[in-house]
Amino acid sequence: MPTHFTGRTAELARLEAFLTAFDAGEPATLLITVLVGAAGVGKSTLAIHWAHAVRDRFPDGHLYLNLQGYDASPPLSPHQALEFLLVSLGVPPGSISPDLDARAALYRHVVSGRRLIIFLDNVRSAAQLRPLLPGTSGSLILVTSRSQLSGLVVREGAKRIVIGPLAPQDATDLMRSILSRERVDAEPVASAKLVSHCAHLPLALRIAAERAAIHPLLPIEALASELESGSRRLDVLTTYDDDETTAVRKVFSWSYRDLSPTAARTFRLLGLVSGPEISVLAAAALTRLPPDQAARVLGGLSSLHLLEVAGQDRYRFHDLLRDYARECVYEESEQDRSDALRRLLTWYLFTAEEAARACVEL
Ligand SMILES: Nc1ncnc2c1ncn2[C@@H]1O[C@H](COP(=O)(O)OP(=O)(O)OP(=O)(O)O)[C@@H](O)[C@H]1O
Ligand SMILES: [Mg+2]
């Protein structure tokens, strides 16, 4: 469950209305809800929150799959996605056909008659999603995407909600929940300025709030002014879905500039990584830090919301932050960048060789 979940009352009410109408309708149909909006606006967080709230109404299981529609690596193909879903549903990997149509047919058969929540995160296109829609079932398909997925609304009758930034009041509440009500309410004007510099974008709000929490004696006014000052025109960022510019990049730079030299170097070198995730050991190779220190630094970056936890000893970037780290990495000399990359690739080669040897020995 996301911590500090704030706001989204209207969106949750609409989702609830969709589900109520669905429950009152034909039993063997699908409810497809699609949350669309810009990067970092809070689609996945809302989807997780709602799925958690309604999980008891779908007693046959809950599946999650990241379709990687916007990662640096290619999106998951329907072929790969079906395999993952089938294995999650308990089908032995050996009995899954390599043929796409056969996979889709088996999937429809396994899901048929089960009331499941199938959460498909970061869907790139309707074409990527369609093979993952079971024919008939009382299941809830919960989709997030930065694309509009209009074809899904027209052809499959999906219920779409456009997720925008938080309402100003909710953005302030998010600050209150991280910083304390007293601190935010003591400086209402500065707090309003701070949330507006974050474009009411939850991703930026959380980073700004975590930084403010680290400086408990600093007036919020000082933080807000810091975001306002400097090379503001250079520090604007264009969001993915439209041309709206925000000071979000400035929020990132503000956190980055405040990191210890080791953490800042780790952050920018991580910008060289092109895969979706990185392990602590691979990051240690990249940065030439001892593994326990690399683990501490990555943990510290994630507590500042500059990285996300992707699993046991694994981390990933939100891609707005990856883009930012990629810019920062040019602070390293060309030699240092290529040395770091070589250490990382050597590490991957070494682990691949180890894995291959283990397979041969099996
Ligand atoms: N309603 C909320 N209350 C509190 N925090 C939130 C809320 N919505 C989002 N956040 C925080 O904002 C950050 C970004 O949210 P999230 O990952 O859900 O965005 P997204 O729209 O799914 O982005 P992307 O398109 O990149 O997947 C997360 O750190 C999350 O914890
Ligand atoms: Mg998301």
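Counting starts at 1 for both ligands and their atoms, following the listed order.
Less than 4.0 angstrom separates some heavy atom of R146 from each of these atoms of ligand 1: 24 (P), 25 (O), 26 (O). Proximity to H4 (heavy-atom distance under 4.0 Å) selects the following atoms of ligand 1: 3 (N), 4 (C). Contact atoms of ligand 1 toward N122: 27 (O) (distance under 4.0 Å to a heavy atom of the residue).
Shown are T45, L46, V36; of these, the side-chain contact (heavy atoms from CB on, under 4.5 Å) with I163 is made only by L46. Under the side-chain contact (heavy atoms from CB on, under 4.5 Å) rule, C328 has a single partner from E332, E331, R326, which is E331.
Listed by chain and residue number, D173, D185 satisfy the salt bridge (charged side-chain N to carboxylate O under 4.0 Å, His left out) test with R176 (two or more places apart in sequence, or in another chain). Not counting sequence neighbours, R155 has no partner by the salt bridge (charged side-chain N to carboxylate O under 4.0 Å, His left out) test. With sequence neighbours excluded, no residue satisfies salt bridge (charged side-chain N to carboxylate O under 4.0 Å, His left out) with E210.
Contact annotation for L46 and ligand 1: no heavy atom of the residue comes within less than 4.0 Å of the ligand.
In this structure, of S44, A204, P202, the residue bringing a heavy atom nearest to atom 6 (C) of ligand 1 is P202. The closest non-hydrogen atom to atom 21 (O) of ligand 1, taken over K43, E11, H49, comes from K43.
Close N/O approach between G42 and ligand 1 is found [any backbone or side-chain N/O within under 3.5 Å]. Polar contact with ligand 1: present for G40 (N/O pair, distance under 3.5 Å). Between R206 and ligand 1, at least one N/O pair is under 3.5 Å apart. For T6, a nitrogen or oxygen atom sits less than 3.5 Å from a nitrogen or oxygen atom of ligand 1, counting backbone and side chain alike.
Hydrophobic cluster membership is shared by L106 and L120, with clusters built from Ile, Leu, Val, Met, Phe, Trp and Tyr side chains linked at under 4.5 angstrom.
Residues D336 and R288 are not paired through a salt bridge, judged by the lack of any N-O separation under 4.0 Å between the basic side chain and the carboxylate. Salt bridge present: E11 and R8 bring a charged side-chain N and a carboxylate O closer than 4.0 Å.
V41 counts as a contact of ligand 1, since one of its heavy atoms falls under 4.0 Å from the ligand.
Ring planes of Y324 and Y256: perpendicular class, angle over 60° (limits at 30 and 60°).
Take the Mg ion (ligand 2) and draw a sphere of radius 2.8 Å; the protein N/O/S atoms inside it number 1.
Using modelled atom types, one finds no donor on one side chain facing an acceptor on the other under 3.5 Å when comparing T6 with D170.
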Practice task
Might you work through the ring pair (Phe, Tyr, Trp, His ring centres under 6.0 Å) test for F252 and F267, ending with a clear yes or no?
Solution key: CA-CA 11 Å; F252 297 165; F267 176 81; 8.5 Å; no

